[in-house]
Each structure stands twice: as C-alpha cells, then as structure tokens.
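This report refers to the structure that appears directly beneath it.
Proteins come first, then strands; the chains are lettered A, B, ... in the order of their sequence lines, and each starts at number 1. The analysis underlying the following values was restricted to heavy atoms, covering all of them including side chains, and did not include hydrogens, waters or symmetry mates.
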2 protein chains.
Amino acid sequence: MTGVPVIQTDGYPHSVTSATTGSTQGLDLSVDRSSPVPLYYQLARQLESAIEHGALGPGSLLGNEIELAGRLGLSRPTVRQAIQSLVDKGLLVRRRGVGTQVVHSQVKRPLELSSLYDDLEAAGQRPTTRVLLSEVRTASAEVAAALGITEGAEVHLFERLRLTHGQPVAFLSNYVPAGLLDLGTERLESTGLYRMMRNAGITLHSAHQTVGARNANADEAERLGEPEGAALLTMQRTAYDDTGRAVEYGSHIYRASRYSFDFQLLVRN
Amino acid sequence: MTGVPVIQTDGYPHSVTSATTGSTQGLDLSVDRSSPVPLYYQLARQLESAIEHGALGPGSLLGNEIELAGRLGLSRPTVRQAIQSLVDKGLLVRRRGVGTQVVHSQVKRPLELSSLYDDLEAAGQRPTTRVLLSEVRTASAEVAAALGITEGAEVHLFERLRLTHGQPVAFLSNYVPAGLLDLGTERLESTGLYRMMRNAGITLHSAHQTVGARNANADEAERLGEPEGAALLTMQRTAYDDTGRAVEYGSHIYRASRYSFDFQLLVRN
DNA sequence: CAGGTCTTTATGTCAGTACAAAGTCTTGAC
DNA sequence: GTCAAGACTTTGTACTGACATAAAGACCTG
C-alpha cells in the first residue's frame, strides 16, 4: 500500500498520503470522479479494505469528517454516507465529541443469506454436489403453505447431496415454484441455487429460517453415512425476493458431526 | 402536489389527512418540531406503525418523496432518512421510476441478539428460571479464549435451567468477566442476562454464534428430562459491547423436541 | 486540591438545491 | 399492429450551509 502511485484518468483525483499510522492519515485514500461508481461507495470500500488489511487497526480514530472531506475533495454528507454504511456493517462506531473509531472485536460478517455452497467454498472446502432428483411435482400442503401458493400447484423439487472431500455433509430438499427459472442438472451441480437465481434476475430480499435438531431415522442415516439415531441439524428456509414473492423453500438436513452454523450478528440500536 | 395547503409557521405540528387508502395519503402523519426527538425518527416510527397496523398494506406506494416532504413541511433529505431506515429494516423497497412500496412478505424481525428469556416471553410462554449455580471461578482455556482474557483470570459462572410450563427447555452456562456487573441470584431468576447488562450501562454491539447439534449424554439427558441419546440443539455465543470487549460467553443446550431457533434475515444489497 | 463551568471538538440533525440515472409510459413511425 | 424512440416520473447521488448536542479537557474558583 505504501509507495503505490495512484493513477488517475480524469476528474480531479485527490490523493492523500502521509506517514502517520493508526489513523486515516496514513492511508492512500482517493476517489475517481470519472468512475460511474458512487463516490461514497468508493470511499466506503477503501476504508473497509483498510480495516480488513489492518492498515486501520482496532480503536484507531478515523479523523473528523470535515477534515476528511476536505482532504478528499468531497462534501461532508458524502463522507458521512460512506462512514454510515460501515457503521451499519458493524465495522465502525461513532461517538459524539470523540470521533469515529474502528471497532475492536473481529467482526467478520453479519449473518447473510448465504448458500451452503458459498459457505463451504469460502472455507476452502471445495464442495461438490450430487443431484439425486429433479422433477416437477404438485405441492404438498407443507410446501404450499411455505411458498404461499395453492396446494396442488406445480413446483420443481430437487434433492441434492452436498459433499466435501468425498464425505456427505448435508442433504438438501428444495422447492421452487415451477417456471421461475430453468434448473439444469449440470448447473445445479457446479454452482449454488442462489447464484443461479441471481443470474436469472431474481434479487433475493429476505428469508425466514428455522433451525432445529432431531435424531436420524434409518433412511437419513444411510444417506448421510451416520449411525441411526445420530443427532442431525435441521433447517427450513423460505426465501423471498424483493417483490415479496416466495421463491424458494428448502428443508435441509446436516450432519451435526461435520457441520454447524457459524455466524456473527449485530445489535441494532 | 395536490390541493392540500401546507401551512408553515414554526414549531407546530403539520398534520396531513385524506380519504384515500392504500397509500400514504390516508394517513395522519405529522411531526412535532418542538419535540427533541429527531424529525426523521418521528416520521420513521409513524410509518412503521402504520405498516404494522395495516394502514399501509403490502404493495402500497408511499408516494414520492418530494410531495411527502412538502406535505409534512420537511425537506427531502429528512424524509429520505426516515424512509431509508425502514428500507434497512426490510419493511420498504425502493424502485427507481416507480416509488417506494411496502414489502409484501411478512417480515417480522430480523435476527437480533435476543435473549432466550425475551424470546419465550414474547411467545407468551411465561418462562421461569432456576439458577443452579452462581460462583466465581478461574477461566478455563476454552472460556478464556472465547472471552479474550488470560487463562486463569476470574470469571463469574452461572448455570441456569430455563423452563416453560414447568418443563425444562434449556440448560444455560454463562461466563461473565468478574467485576463487570453484580449478578444477584434473585434478579437472574426474574429477568434475562442481557436486560441486566443494559441496565448496568453496557451497550451490546455484536455477537458471534455457533449453532450445532449432538446427542445427549446421561448427565444432560437427566437435567433436561430427555432420554439418553436424544438430539440436542447447542449454541455457543460470545457477545461484545461497543468498545469491542467481550462481555459474555454462553454455552447453551436446548431440548430439540421443545425448542428451535426461528428467525428472519435480510439480504444486504 | 476538588469541584463545577466554560471552551473545544466532534458527530447529529435539518434545509434547500441541482443534476444523474433508471424505470415506466406514451407517442409515433413503419 | 408492433416496435422503438422519447417524454416523464421517481429515486440516486452530491453539494453547500447552518445550527444543535454530547463528550472531553482546560480553566477557574471555592
């Protein structure tokens, strides 16, 4: 990060560099006005990466907003917007009369609607998927209720087995209203469901989850390679897109011996 | 802009009422400039309660920001700030060229750092607590690592049994750095731990959770009134306050037959 | 020396304006 | 009749300016 020159194409690049560390002073912050990326977002990303890379250590002050704005050639509201987005993410804390400082705790990521696939991939587990079943059925009462459709309507059901290192981790049963997207088996094996939805123009918005546990019956035990009666982690999830329409219902079973949910959450004040 | 005259003097509430429903038009929105409560917050609260009470049904447009601002005698940024806070909560969705509408799905609450006590109480379960143990100990390696303190430092450990309708639901082991707050047994029975912390001036900020499952051993089975080998839901949580200091580590065990985690989560875009 | 008070500093709130960009809808041409 | 261009609506981004308020420290005073 040190001596890297900031190449600027057009607009008026404001680059700020200094030797002081532990503060925003020692950072090479700059914005590119010719870019279509919003200025507040450019700044937010730079601050975020500075925090991640340790250039801005925990507890270090960010420097007051007015000065920061001046140094970057931005207005205060723009700087505030950038900072606010990081405060919302839990990376920064504002204190009136004191300043804005980097939070001490190692907040990684708040809980997201991440797919199991992405989770495992991020953990370097190299997940693979085996599609066991993929067909159109009529919705049962349970599925219809979860998806908010009428019982008997057509849904696409697919069952998948997720593995890492050749070992089963989870058995996933997913239901998608028919016609919402075309689910090719080959693509389901190579990527996650949510990624496919995003590519199909569906923007996920929220989800309702229930996490519980139960003992494995003979069927489940065999599929997952666990002894009968072993504790299983269960999760049911209904996902909604931004129009409020339910786009997916999943009923998942995880081997508790090989998987657990791990997440960070923020308190809203 | 309709024919509604906006009377603007100073320090007086602006009230807007109309007969149209399904929109913000039929709402009695007003702000009180003499109140110390921020204007954007007043507006946000009113909109939120209107949504909750059904006055603003799912899908209904909010009306454009400029007009809304004019009707209330506020500036557009202020109105935007109010709306934005509800968008962040997942109650509203903005669409360029269309407007802002109430989200369809019944988003209840995103996942919060709620205590089990509050959860059960909200569900009308009338929880009771039996404090089994409450003493100061030296931190084990596991606890020290979770709390970020040195091994052997003093921590206050207390074990509680949570019951509803006389039936055990969970066994809770909690560790709090010694001297952080005084944990009276009687208060621990009548209220939750997080409520006590808030009252002691500690503002919670974030937490790291791990949820898993395992089979009950003989000890756990007896305590919770389950057969040996029954599936249990486990949760470990470390909570941090806004200075980044770990203030609590809890290792909890739930009867999977009587409890499951149930929550809503949002996708950040 | 202890206490409260004033000053400083930083964020918090709010107004008003301007232009950009993305959808929607209408209009017009073919 | 269909499709595309353009107008229009609405949110998105950004700036300037102003005052309020909380926290911290310096200062003065009893």
Round to the nearest Å and state the distance from [X] atom [atom1] to [N] atom [atom2].
X	N	atom1	atom2	value
A:Tyr41	C:dA20	OH	C1'	19 Å
B:Ile66	D:dC8	CD1	P	17 Å
B:Arg94	D:dT9	CZ	P	19 Å
A:Glu65	C:dT13	CD	P	11 Å
A:Glu67	C:dT8	CD	P	19 Å
A:Leu68	C:dA10	CG	C1'	13 Å
B:Gln81	D:dT13	CD	P	15 Å
B:Arg33	D:dA20	CZ	P	13 Å

Please determine whether a side-chain nitrogen of the Lys or Arg among A:Arg45 and A:Glu52 lies less than 4.0 Å from a carboxylate oxygen of the Asp or Glu.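 Not counted as a salt bridge, because no side-chain N and carboxylate O are separated by less than 4.0 Å.
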Students often get this wrong, so: under 4.0 angstrom with heavy atoms, is [X] touching a base, only sugar-phosphate, or nothing?
X	value
A:Pro77	base
A:Arg80	base
A:Arg76	base

Given C:dT11, C:dT24, D:dC15, identify the nucleotide with an atom nearest to the side chain of A:Arg96.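 For A:Arg96, the side-chain atoms sit closest to C:dT11.
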What's the closest nucleotide to the A:Asn64 side chain, out of D:dC15, D:dT13, C:dT11?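 Among D:dC15, D:dT13, C:dT11, the one nearest the side chain of A:Asn64 is C:dT11.
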Sole residue of B:Leu147, B:Val136, B:Val176 in side-chain contact (heavy atoms from CB on, under 4.5 Å) with B:Val155: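 Testing each of B:Leu147, B:Val136, B:Val176 against B:Val155, the sole residue satisfying side-chain contact (heavy atoms from CB on, under 4.5 Å) is B:Leu147.
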Passing option when B:Leu56 is tested against B:Leu91, B:Val102, B:Leu92 for side-chain contact (heavy atoms from CB on, under 4.5 Å):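 When B:Leu91, B:Val102, B:Leu92 are each tested with B:Leu56, the side-chain contact (heavy atoms from CB on, under 4.5 Å) holds only for B:Val102.
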Residue closer to the 5' end of DNA chain D, A:Tyr40 versus B:Gly99 (nearest nucleotide):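 In this pair, the answer is B:Gly99.
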Residue whose closest nucleotide on DNA chain D lies nearer the 5' end, A:Arg95 versus A:Leu39: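 On the 5' side of the pair lies A:Leu39.
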B:Thr210 vs B:Arg237 side-chain heavy atoms within contact, under 4.5 Å: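 The answer is no, as the side chains (C-beta and beyond) never meet within the 4.5 Å cut-off.
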Looking at side-chain heavy atoms only, is the closest gap between A:Val93 and A:Thr100 below 4.5 Å?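 No, side chains not in contact.
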I want to check one thing: is the phosphate of C:dT11, taken as OP1 and OP2, less than 4.0 Å away from some side-chain N or O of A:Thr100?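 A:Thr100 to C:dT11 OP1/OP2: side-chain N or O found under 4.0 Å.
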